[in-house]
Amino acid sequence: MNDTLKHFQKEQSSVPSREQTTVTECPYCSVQCTMNLYEEKSINGSLYSVLPNHEDPVTEGKLCVKGLNAHVHAVDERRLISPMVRENGTLFNVSWDHALERMRFQIQHLQHTYGKDSIGVYGGGSLTNEESYLLGKFARIALQTKYIDYNGRFCMSAAAGASNLTFGVDRGLTNPLSDVPLAKCIILAGTNIAECQPTIMHYFRKARQEGCKIIVIDPRETATCAIADIHLKVKPGYDAALVNGMLKVIVEEGYVDQAFVEQKTNGYAELKEHLNQVSLSEAAALSGVSSQLIMEAARMYGQAETGMVFTARGVEQHASGVANVRNFLNLVLLTGKIGRPGCGYGAITGQANGQGGREHGQKADQLPGYRLIENPEHRAYIAEVWGVPEEELPRKGLSAYEMMEAIDRGEIKGLIILSSNPVVSNPNSHLVERALKKLEFLVVIDLFHTETSRLAHMVLPGSAYLEDEGTMTQLEGRVMVRRALKPLPGKARLDWRILCDIAAVLGKGRLFQYESAEDIFNELRLASRGGLADYYGMTYSDIEHLKGMFWPCPEEGHPGTPRMFEERFAHDDGRARLIPIEHQNPREIPTQKYPLLLTTGRVLQHYLSGVQTRNTPELNLKYPEPLLEIHPEAAAENGLVNGSYAQISSKRGSIRIKVKLSNKIRKDTVFVPFHWGDDQSINRLTNPALDPTCKMPEFKVCAVRVEPLKP
């Protein structure tokens with residue numbers, strides 16, 4: 001068995017006695033595994049350790065290596081514990097009163113000088129639902145700015161856009177994970193679950209034991225490929241071409257569910273006409289996958305009685321990301337594999353609250369409940385809930401990377417960042433760093449100093465997951481309550497409290513009167529009522545009693561909705577949308593100067609920009625620096641040897657990186673993980689070309705060259 005798959009299978013032969021045991025949730029990936037936190041007190045302070053929670057309804061008592069070390073950063077003595085203000089280039093500790101007064105003065109000065117929209121807000125996909133909701137309200141009511149977006153733009157926006165257009169609503173998984181073993185064929189496209197969400201791999205292994213066939217689509221032979229019957233080693237950026245080939249086979253060989261298509265979809269005639277023009281040999285040439293393998297995969301999925309398709313960033317992080325996902329959804333709809341047990345689609349969410357974070361108002365065009373800020377009825381409803389005139393609500397702003405470009409142009413003068421590290425997570429990060437240095441007022445609220453906080457005029461100490469009560473919506477659409485377990489360190493404050501405190505000094509305190517996270521949730525319930533992401537029927541007590549509730553949940557007493565689309569889709573006519581998808585080349589293709597394709601991704605030991613995991617010694621020791629994964633033949637052609645250092649360059653810059661030879665990757669492709677900053681940040685090279693629908697940057701493919709470096 002692959003070593004990666006063993007990390008979360010270690011047996012615990014005995015559990016040492018502890019003074020206090022409490023249940024919490026891991027702060028990392030979208031599975032949100034629950035775990036037992038043990039505290040042992042001594043004269044030197046408390047010692048903490050973590051073991052799996054065997055009563056977890058999803059993971060059944062599994063934790064990965066990140067989860068087993070999830071407490072370490074939260075109790076780290078290097079945590080930020082006091083507000084800091086920069087004077088003459090140096091950050092000094094100040095009181096909260098001083099920091100808030102400085103905040104009031106700077107915001108009012110900038111808005112008086114340049115207008116309300118001179119201040120922007122930038123959030124994160126690991127915030128609780130309550131904080132995500134409150135951040136959107138804070139931007140639009142306390143600041144009255146149109147500029148708000150968040151790092152989830154770089155995670156789920158393409159899949160969300162595709163699902164909204166195709167189904168009429170976006171919920172990451174249309175089915176609970178318990179449906180996975182019921183599938184007879186599963187497609188895993190651009191998702192490396194074994195390393196990114198390892199605690200749910202048992203569902204896929206169980207499916208395989210039950211006779212399920214598994215197709216993995218990825219440029220690399222990842223740990224997930226260990227369970228694959230077929231591995232389609234697609235060329236990065238050519239997923240839509242590959243799927244067009246599969247769709248052609250499905251139509252021509254009679255695997256279309258005609259009754260389902262006729263009764264529950266629109267657009268089949270147009271799609272069929274498009275597929276008549278598709279050449280299987282051309283699809284093979286474009287995608288780098290043989291015609292024979294394309295046919296085998298199409299038949300395997302088409303012939304299966306039940307089936308599921310899962311996508312992740314490998315398919316989605318492209319300038320054609322929405323189109324890519326919509327083509328996979330064409331596969332689902334043509335074969336009628338949705339809305340019943342063992343049949344559905346899932347976008348494997350990356351961030352801890354990537355699902356909930358995109359539902360309640362952090363996105364530039366969005367209001368709570370998946371409402372749209374440009375929709376008059378939606379605006380009127382939310383204005384009434386918030387107790388403000390509708391005309392005072394701003395219009396839609398810009399996506400995350402577009403905000404950085406606006407800062408660089410001087411259109412945004414101040415920025416408040418909550419729990420995000422955009423200097424590392426944005427594409428073309430040289431521009432981002434340059435832009436943030438131009439700001440007249442940059443505020444960062446976080447746990448540790450980051451590559452971004454080093455540029456800040458003010459740094460505020462926020463809350464870690466052990467202190468921060470609230471709800472999280474994991475990848476299935478299951479809402480869970482996470483309780484606070486320990487006090488805040490030093491002068492740190494709860495993230496939602498900080499937003500309320502800033503609103504108060506700006507004169508908007510009466511609209512931010514909350515005593516607890518549950519108070520905020522109860523307002524969120526009302527704000528989401530009747531929306532696509534309807535939480536109205538949920539309460540903290542019911543969520544805890546049921547060990548999670550699935551939205552939509554429109555009324556108290558409603559059981560929630562584990563499986564979507566059993567009767568109809570969310571469009572007004574109840575039908576899903578099929579659509580012809582033309583292949584689009586990546587925005588950069590190899591040239592003589594930049595002959596290789598770069599793709600990026602995650603590794604098991606780290607999370608996002610690495611702020612938490614790089615501050616966890618055991619995790620950092622296991623994977624201390626990024627590695628350039630390259631095929632041995634490509635390495636030899638470029639003068640590289642295993643363990644040496646290389647310079648990798650794109651049109652946007654260069655970094656120095658250690659070489660790792662691997663015959664599990666395409667010869668024309670190199671892979672680098674993105675969890676590091678400064679001179680190890682691969683996002684200094686990535687392409688900021690944006691999807692026209694969702695504004696997802698093209699992280700997953702750009703043209704590069706590699707060269708040896710002298711020791």
Option among Arg79, Arg78, His73 that satisfies the side chain to side chain donor-acceptor pair (under 3.5 Å) test with Asp76: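 With Asp76 as partner, side chain to side chain donor-acceptor pair (under 3.5 Å) holds for just one option, Arg78.
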Got [X] and [Y] here, is their nearest side-chain heavy-atom distance under 4.5 Å?
X: Tyr607; Y: Gln612; answer: yes
X: Leu188; Y: Phe204; answer: yes
X: His606; Y: Trp676; answer: yes

For the pair [X] and [Y], find out whether any cationic side-chain nitrogen is under 4.0 Å from an anionic carboxylate oxygen.
X: Arg602; Y: Glu195; answer: no
X: Asp678; Y: Arg454; answer: yes
X: Arg482; Y: Glu25; answer: no
X: Glu707; Y: Arg705; answer: yes

Among Ile200, Leu173, Ile186, find the residue that satisfies the side chain to side chain contact (heavy atoms under 4.5 Å, CB included) test when tested with Val180.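 Of the listed residues Ile200, Leu173, Ile186, the side chain to side chain contact (heavy atoms under 4.5 Å, CB included) partner of Val180 is Ile186.
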Going by the side chain to side chain contact (heavy atoms under 4.5 Å, CB included) test, name the single residue among Asn151, Asn426, Thr450 that passes it with Asn421.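 Exactly one option meets the side chain to side chain contact (heavy atoms under 4.5 Å, CB included) with Asn421, and it is Thr450.
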Determine whether the side chains of Asn192 and Thr224 contain a donor N or O and an acceptor N or O closer than 3.5 Å.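 There is such a pair between these side chains.
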Would you tell me whether Asp446 and Ser453 have side-chain atoms, one donor and one acceptor, within less than 3.5 Å of each other?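 No donor-acceptor contact under 3.5 Å links the two side chains.
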Counting only heavy atoms not in Lys660, do more than 12 fall under 6.0 Å of its NZ?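 No, NZ of Lys660 has 12 or fewer neighbouring heavy atoms, counting only those of other groups under 6.0 Å.
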Is it true that atom CD of Glu55 has more than 12 heavy atoms of other residues, nucleotides or ligands lying nearer than 6.0 Å?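 At most 12 heavy atoms, drawn from other residues, nucleotides or ligands, come within 6.0 Å of this atom.
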Should the ring pair Phe154 and Phe699 be called parallel, tilted or perpendicular, given that the plane angle runs from 0 to 90° and is split at 30 and 60?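 If you compare the ring of Phe154 with that of Phe699, the planes turn out perpendicular.
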